[in-house]
**Q** 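After the structure tokens below, expect a handful of questions from me.
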Amino acid sequence: MASEMPSNVAAWLVAEKANPLEIKPSEFALPAADEIVIKNSAVAINPIDWKLQTMARFPLQYPAVLGEDVAGEVVAVGQNAASRFRKGDRVAGFALGFTTPRACDGGYQQYSVVLARLASHIPENLSFEHAAAIPLATATAAAGLFQKNYLALHPPSMNPTPTGQTLLVWGGASSVGSSAVQLAVAAGYEVFTTASPRNFERVKALGVAQVFDYAADDVVKQIVTALAGKKLAGVLDVINKQGDAISKCVEVVRQTPEARQVISTVGPILPKLEGIETIGIFASTIKDNEVSRVIYEDFLPAALKGGQYKAAVDIRVVGHGLESIQTALDEYAKGVSATKLVVTL
């Protein structure tokens with residue numbers, strides 16, 4: 001049996017802050033009952049990967065295989081996953097990577113093991129390169145929007161019923177922000193967002209009702225004025241490079257009478273301020289609740305096929321092969337905006 005298994009190769013982070021990643025063999029793991037194995041055709045780079053390599057921001061068991069965004073074809077299916085997937089299916093998946101001690105769960109390798117409830121079918125007209133930009137950003141946005149102990153919004157659907165409520169997404173042009181905008185619109189919410197002026201048209205195309213320049217001195221006043229008479233369902237802050245973003249979000253909530261006093265943030269987590277609760281988002285938490293099914297099974301396959309949901313950031317293919325992953329990580333360190341760096345395999 002072992003001789004029939006494919007050989008696997010991964011880009012390993014062999015020690016803390018090791019650079020470059022080392023390209024070495026990795027075990028080809030068979031899926032458990034609730035898992036699938038994906039032969040990766042494209043993987044995407046995320047901020048967390050760069051931070052894990054350069055800053056050791058999370059305790060890892062070395063050697064480790066990083067990577068969360070994968071897209072490719074299913075090559076093995078666990079017993080419980082067989083009702084949804086079969087060999088040869090084109091899919092995008094959220095690989096749990098650094099959150100587990102198993103190397104097979106990482107994305108930066110030829111074959112990754114992914115939980116079936118964190119994978120979605122993708123249509124033939126969606127390239128693997130663009131599909132790879134979707135899973136983690138979608139999971140992060142969904143974690144902050146729909147989990148019961150976060151904003152607890154209504155779930156998205158192909159035919160949403162208007163809720164009569166407004167959501168503020170701070171940073172709508174980012175990969176997580178654009179995912180949040182699309183999910184919230186599909187859930188029936190009016191969406192306000194912030195962005196730089198050069199990205200206004202990009203976020204407007206996603207269905208936002210109003211967009212504001214986050215750098216404007218009076219941006220809080222502008223948003224509060226626009227929210228007059230509306231019920232604010234909450235705030236999702238996806239900007240983690242601007243220290244004042246969360247403070248401005250707090251000010252918006254504080255000055256909006258009809259506001260739910262909760263802010264989901266991927267930035268610095270602040271203590272409860274005058275009744276306003278800020279909750280840090282960790283994308284992988286959706287694997288343990290109904291949100292993973294709602295997003296990856298009930299919504300994404302149909303929404304991707306129908307064009308209701310897409311990778312709304314630009315895709316830049318940095319290179320081909322596992323060796324290019326380090327190149328992409330180094331490129332990310334130089335700074336990117338509204339762009340997802342992708343490596344094809």
Side-chain angles (χ1 to χ4, degrees), residues 34-36 38 40-42 44 68-74 77-78 80-95 114-148 151-163 165 167 169 172 175-191 202-203 205-208 233 236 283 286-287 289-313 315 340:
D34 296 316
E35 297 172 337
I36 60 175
I38 302 172
N40 298 323
S41 293
E68 299 76 38
D69 281 325
V70 303
E73 291 189 357
V74 175
V77 181
N80 295 343
S83 60
R84 286 185 61 207
F85 296 104
R86 64 183 62 186
K87 292 181 181 179
D89 285 352
R90 301 176 79 252
V91 296
F94 172 20
V114 174
L115 282 169
R117 60 182 174 273
L118 296 177
S120 169
H121 289 92
I122 60 174
E124 291 292 335
N125 63 353
L126 179 62
S127 70
F128 289 128
E129 292 88 342
H130 282 81
I134 293 172
L136 179 59
T138 302
T140 304
L145 294 176
F146 304 117
Q147 290 188 112
K148 292 179 180 178
L151 295 184
L153 302 188
H154 297 291
S157 71
M158 295 297 291
N159 297 291
T161 300
T163 63
Q165 300 181 48
L167 173 77
V169 176
S175 58
V176 175
S178 61
S179 297
V181 167
Q182 293 180 91
L183 289 172
V185 169
Y189 292 84
E190 177 185 53
V191 179
R202 178 192 300 272
V203 295
L206 301 178
V208 299
L236 183 72
I286 70 170
K287 71 179 175 60
N289 56 53
E290 75 286 347
V291 174
S292 55
R293 177 189 56 78
V294 166
I295 298 301
Y296 287 95
E297 183 174 352
D298 296 345
F299 177 69
L300 267 185
L304 290 171
K305 185 176 182 179
Q308 186 173 337
Y309 193 88
K310 58 187 177 181
V313 294
I315 304 298
K340 197 78 164 181

**Q** Where the side chain of Asp89 meets the backbone of Val91, is there a donor-acceptor pair that is under 3.5 Å apart?
**A**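 Not at all, since once roles are kept as given, no pair shorter than 3.5 Å links the two residues.
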
**Q** Give the C-alpha distance, both sets of side-chain angles, the deciding distance and a yes or no for side-chain contact (heavy atoms from CB on, under 4.5 Å) between Leu151 and Leu167.
**A** CA-CA 10 Å; Leu151 295 184; Leu167 173 77; 3.8 Å; yes

**Q** Where do Lys305 and His121 land on the side-chain contact (heavy atoms from CB on, under 4.5 Å) test, with the steps shown first?
**A** CA-CA 9 Å; Lys305 185 176 182 179; His121 289 92; over 6 Å; no

**Q** List in chain and number order the residues that pass salt bridge (charged side-chain N to carboxylate O under 4.0 Å, His left out) with Arg293, two or more places apart in sequence or in another chain; answer none if no residue qualifies.
**A**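 Listed in chain order: Asp298.
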
**Q** For Tyr296, is the NZ or CZ atom of Arg117 found under 6.0 angstrom from the centre of its six-membered ring and inside 45 degrees of the ring axis?
**A**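 Not flagged: Arg117 not positioned over aromatic ring of Tyr296.
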
**Q** What verdict does the side-chain contact (heavy atoms from CB on, under 4.5 Å) test give for Leu183 and Phe299, after you've listed the backbone C-alpha separation in whole Å, the side-chain angles of each residue and the deciding distance to 0.1 Å?
**A** CA-CA 9 Å; Leu183 289 172; Phe299 177 69; 3.7 Å; yes

**Q** Checking the side chain of Gln308 only, and the main-chain atoms of Ala302 only, is there a donor and an acceptor separated by less than 3.5 Å?
**A**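 A pair under 3.5 Å: no.
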
**Q** Do Phe128 and Arg90 pass the side-chain contact (heavy atoms from CB on, under 4.5 Å) test, and can you show the C-alpha distance, the side-chain angles, and the key distance before you say yes or no?
**A** CA-CA 8 Å; Phe128 289 128; Arg90 301 176 79 252; 3.6 Å; yes

**Q** Quick one: pull up CD in Gln182 and NZ in Lys310 and give me the separation to the nearest 0.5 Å.
**A**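 Atom-to-atom, Gln182:CD and Lys310:NZ are 7.0 Å apart.
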
**Q** Is it the case that atom CG in Asn125 sees more than 12 heavy atoms from other parts of the structure closer than 6.0 Å?
**A**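 Yes, enclosed.
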
**Q** Measure across Asp69 and Ile134 and return the closest heavy-atom pair with its distance rounded to 0.1 Å.
**A**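 Closest approach of Asp69 to Ile134: OD1-C, 4.3 Å.
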
**Q** State, to 0.1 Å, how close Ser292 and Leu118 come at their nearest heavy-atom pair, and which atoms those are.
**A**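 Nearest heavy atoms, Ser292 then Leu118: CB-CD2, 3.9 Å.
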
**Q** Is there a donor-acceptor pair closer than 3.5 Å between any side-chain N or O of Arg202 and the backbone N or O of Ser178?
**A**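 Absent.
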
**Q** Is there a side-chain contact between Leu304 and Leu126 in this structure, where contact means two heavy atoms from C-beta onward sitting under 4.5 Å apart?
**A**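 Of all side-chain heavy-atom pairs linking Leu126 with Leu304, at least one is under 4.5 Å.
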
**Q** How close do Gly144 and Leu236 get, counting heavy atoms only, and between which atoms?
**A**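 Minimum heavy-atom separation between Gly144 and Leu236: CA-CD1, 4.1 Å.
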
**Q** Is there side-chain contact between Leu206 and Val191, with heavy atoms separated by less than 4.5 Å?
**A**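 Not in contact.
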
**Q** Using every non-hydrogen atom in the two residues, find where Gly207 and Val185 come nearest and quote the distance to one decimal.
**A**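 Where Gly207 meets Val185 most closely, the heavy atoms are O-CG2, 3.8 Å.
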
**Q** List the atom of Lys340, the atom of Ala44, and the distance in Å for their closest heavy-atom pair.
**A**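 Shortest heavy-atom separation between Lys340 and Ala44 comes out as CE-CB, 3.9 Å.
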
**Q** Taking Phe146 as the fixed residue, which of Val294, Ile286, Ile295, Asn289 is the one that meets the side-chain contact (heavy atoms from CB on, under 4.5 Å) rule?
**A**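 The side-chain contact (heavy atoms from CB on, under 4.5 Å) with Phe146 is passed solely by Ile295 among Val294, Ile286, Ile295, Asn289.
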
**Q** Which heavy-atom pair separates Ala137 from Ser175 by the least distance, and what is that distance?
**A**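 Closest heavy-atom pair between Ala137 and Ser175: CB-O, 3.5 Å.
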
**Q** May I ask you to decide if Gly188's main-chain N or O and Thr163's side chain share a donor-acceptor pair within less than 3.5 Å?
**A**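 Side chain of Thr163 to backbone of Gly188: a pair is present.
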
